[in-house]
Amino acid sequence: MDGSRTEEVMMQQDPQDRCSEEDVLMDHFKILKTLSTGNFAQVKMALHLLTGVPVALKMLERGKTNSNIIENEVEIMKFLDHPNIIKLFHVLKTTEHIYLVLEYASRGDLAGHILEVDHMPEVEVRHVFTQLVCAVKYCHENDIAHRDIKPENILIDANKIVKLCDFGLAINVSMEPESTMFCGTLPYCAPELFSSQDYDPRALDIWSMGVVLYIMMTKHYPFKGKTYNQMKIEMQKPRCYIPPKLPVHIASLIVKLFTTNPRQRPKIHGVMEHEWLKGSEKFSKPTQSLELLPNKPNPSIMAAMWGMGYNPKDISKSLYENNFDSIMATYLILKYNSPWVDNSNCNEKLMQPNTAMAPADPPICHYLLKSIGSEPDNSTSTLPAKYPSQVIINS
Ligand code: ATP
Ligand code: MG
């Protein structure tokens, strides 16, 4: 993931290859609609023509400024394989764009869902949050920190399975255990990001999970700063209003996640141990990859692809080399939409009432972070103000 080497690899690519990648795109996909247009990326819904399966196409513009960020996202996405993380199927590079062909989440993002509903019931919040915990646990155990956890980057698929996406700001902590670069989305940023000191990127994720939980429960941002400077001042002594109607066990988890000192903030395993989440059956299911690629390709998928005209040797080679080309894409798309493979580990397919909920904590005052008695200023904190992801290199 060295930036300068990445640039070199891109420069050396044969223009002929880029043309053929454009052909692959035209031949294999039919673009149906635009899902989102952002600063650097457009996301389209498309049909994978060979299988008839809908996919998401994330189109990233190749520019000098963001080529390292793009390459970083691609490398990290290639590695990730978890039921609560959007799966990368195919990477296509044309002259102007890099296309990521991704698993499609038909129910859109959590930000849209929060705005759509009057109120998210606790059981639904728990359903979403436990799956977010599963995704973050997998990332942190594999030395990846996301650094931009927010409702826009949490997707929901047709089966109401939650999927973390957008690893554009993610970092491999085994290569960079501490960082000083400011990155993330303002309302979700932890206090230490504003201090120009080294920070542990995984601790940022824990804080932003607290912001997501708070928003699901209240439809408000917990911290009101709208600019970097306002947030910097607010984060010197973070305080947020905890509405008295918030269930006590959720309030207590939010307070824990908003531990100002990152060293004292719980790690992901500590979050799983919290009363509100402890014992979730989602935590006890295996969270490893759905099958051991490339050692043992699924014979039913191999047979189906053979029927489509693929040579089994080419399939094995593409999987073995982790090529993320059209062959591997067809294999993965079939696998992720296959009646022959159980893709449901770690998740309940549908929301179920929270029968295993731990008894509530004894009554506690709504505490620590809140400015007691002051209602939130709705004019400044209500969703849906959208904030962009940001990267600022500290000097
Ligand atoms: P930008 O910051 O330029 O807006 P981005 O890097 O945030 O782009 P993503 O977060 O990956 O891009 O995607 C933007 C939006 O597109 C998401 O918030 C979501 O609404 C939609 N989207 C992304 N991937 C998928 C997917 N796999 N399935 C369904 N919708 C998706
Ligand atoms: Mg995003």
Side-chain angles (χ1 to χ4, degrees), residues 29 31-48 53-63 65-78 80-92 96-116 128 131-132 135 139 144 146-171 183-189 204-205 208 211-212 215 324 329 332-333 336-337 343 383-392:
F29 301 95
I31 293 178
L32 299 179
K33 64 173 179 182
T34 301
L35 297 170
S36 148
T37 304
N39 293 336
F40 299 113
Q42 260 209 350
V43 182
K44 308 262 186 192
M45 180 195 174
L47 208 60
H48 180 246
V53 170
V55 292
L57 263 186
K58 183 167 177 176
M59 298 166 53
L60 298 145
E61 255 183 66
R62 291 181 107 159
T65 46
N66 60 4
S67 62
N68 293 347
I69 293 179
I70 295 175
E71 207 62 30
N72 182 54
E73 178 169 4
V74 172
E75 287 312 310
I76 287 181
M77 290 285 314
K78 279 182 177 176
L80 297 170
D81 189 8
H82 185 274
N84 296 118
I85 294 176
I86 283 289
K87 180 68 190 157
L88 175 68
F89 295 144
H90 193 172
V91 182
L92 286 140
E96 287 173 4
H97 291 98
I98 294 188
Y99 293 85
L100 306 187
V101 181
L102 301 160
E103 179 185 8
Y104 173 60
S106 66
R107 288 174 188 254
D109 62 52
L110 180 63
H113 180 69
I114 292 170
L115 288 176
E116 242 171 57
V128 171
Q131 292 180 72
L132 177 61
C139 289
I144 304 293
H146 186 282
R147 296 199 299 183
D148 200 17
I149 293 177
K150 58 181 177 178
E152 290 84 346
N153 291 338
I154 298 168
L155 307 180
I156 306 165
D157 82 358
N159 295 314
K160 295 190 176 166
I161 292 175
V162 170
K163 311 253 173 185
L164 186 60
C165 78
D166 191 1
F167 285 75
L169 299 184
I171 189 173
C183 70
T185 302
L186 268 185
Y188 303 85
C189 285
L204 304 183
D205 288 346
S208 50
V211 181
V212 171
I215 291 175
F324 286 90
L332 290 175
I333 289 169
Y336 271 72
N337 292 276
N343 290 328
L383 301 178
K386 273 208 170 183
Y387 294 83
S389 309
Q390 294 183 22
V391 181
I392 301 171

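Each ligand, and each atom within it, is numbered from 1 in the order the structure gives. Everything quoted here is computed from the prediction, not taken from an experiment.
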Which protein N or O atoms sit under 3.5 Å from any N or O of ligand 1? Give each pair with its distance.
residue  : atom   : partner : partner atom : Å
ligand 1 : 3 (O)  : Asn39   : N            : 3.0
ligand 1 : 3 (O)  : Phe40   : N            : 3.1
ligand 1 : 3 (O)  : Ala41   : N            : 3.3
ligand 1 : 6 (O)  : Lys58   : NZ           : 3.1
ligand 1 : 6 (O)  : Asp166  : OD1          : 3.3
ligand 1 : 6 (O)  : Asp166  : OD2          : 3.2
ligand 1 : 7 (O)  : Asp166  : OD2          : 2.8
ligand 1 : 10 (O) : Asn153  : OD1          : 3.0
ligand 1 : 10 (O) : Asp166  : OD2          : 2.9
ligand 1 : 11 (O) : Lys58   : NZ           : 2.7
ligand 1 : 12 (O) : Lys58   : NZ           : 3.3
ligand 1 : 18 (O) : Asp109  : OD2          : 3.3
ligand 1 : 18 (O) : Glu152  : O            : 2.6
ligand 1 : 20 (O) : Asp109  : OD2          : 2.6
ligand 1 : 27 (N) : Glu103  : O            : 2.7
ligand 1 : 28 (N) : Ala105  : N            : 3.0

Would His90 and Val55 count as a side chain to side chain contact (heavy atoms under 4.5 Å, CB included) here? Give the steps. CA-CA 10 Å; His90 193 172; Val55 292; over 6 Å; no
Could you go step by step and tell me if Phe89 and Leu102 meet the side chain to side chain contact (heavy atoms under 4.5 Å, CB included) rule? CA-CA 6 Å; Phe89 295 144; Leu102 301 160; 5.8 Å; no
Kindly check if the number of other-residue, nucleotide or ligand heavy atoms within 6.0 Å of CD (Glu61) is above 12? no
Under 3.5 Å: donor-acceptor pair, side chain of Asn337, backbone of Ile333: yes
Decide, yes or no, whether a salt bridge links Asp166 with Lys150 under the criterion of side-chain N to carboxylate O below 4.0 Å. no
Between Arg107 and Asp157, does the side chain to side chain contact (heavy atoms under 4.5 Å, CB included) criterion hold? Intermediate values first, please. CA-CA 5 Å; Arg107 288 174 188 254; Asp157 82 358; over 6 Å; no
At distances under 2.8 Å, what protein N, O or S atoms surround the Mg ion (ligand 2)? Asn153 OD1, Asp166 OD2
Name of the residue among Leu204, Ile149, Val212 meeting side chain to side chain contact (heavy atoms under 4.5 Å, CB included) with Tyr188: Val212
Test side chain to side chain contact (heavy atoms under 4.5 Å, CB included) applied to Leu169 and Asp148, Ile76, Thr185, the passing residue: Asp148
Before you tell me yes or no, could you show the steps for Asn84 and Leu164 under side chain to side chain contact (heavy atoms under 4.5 Å, CB included), namely the whole-Å CA-CA distance, both residues' side-chain angles and the distance that decides it to 0.1 Å? CA-CA 6 Å; Asn84 296 118; Leu164 186 60; over 6 Å; no
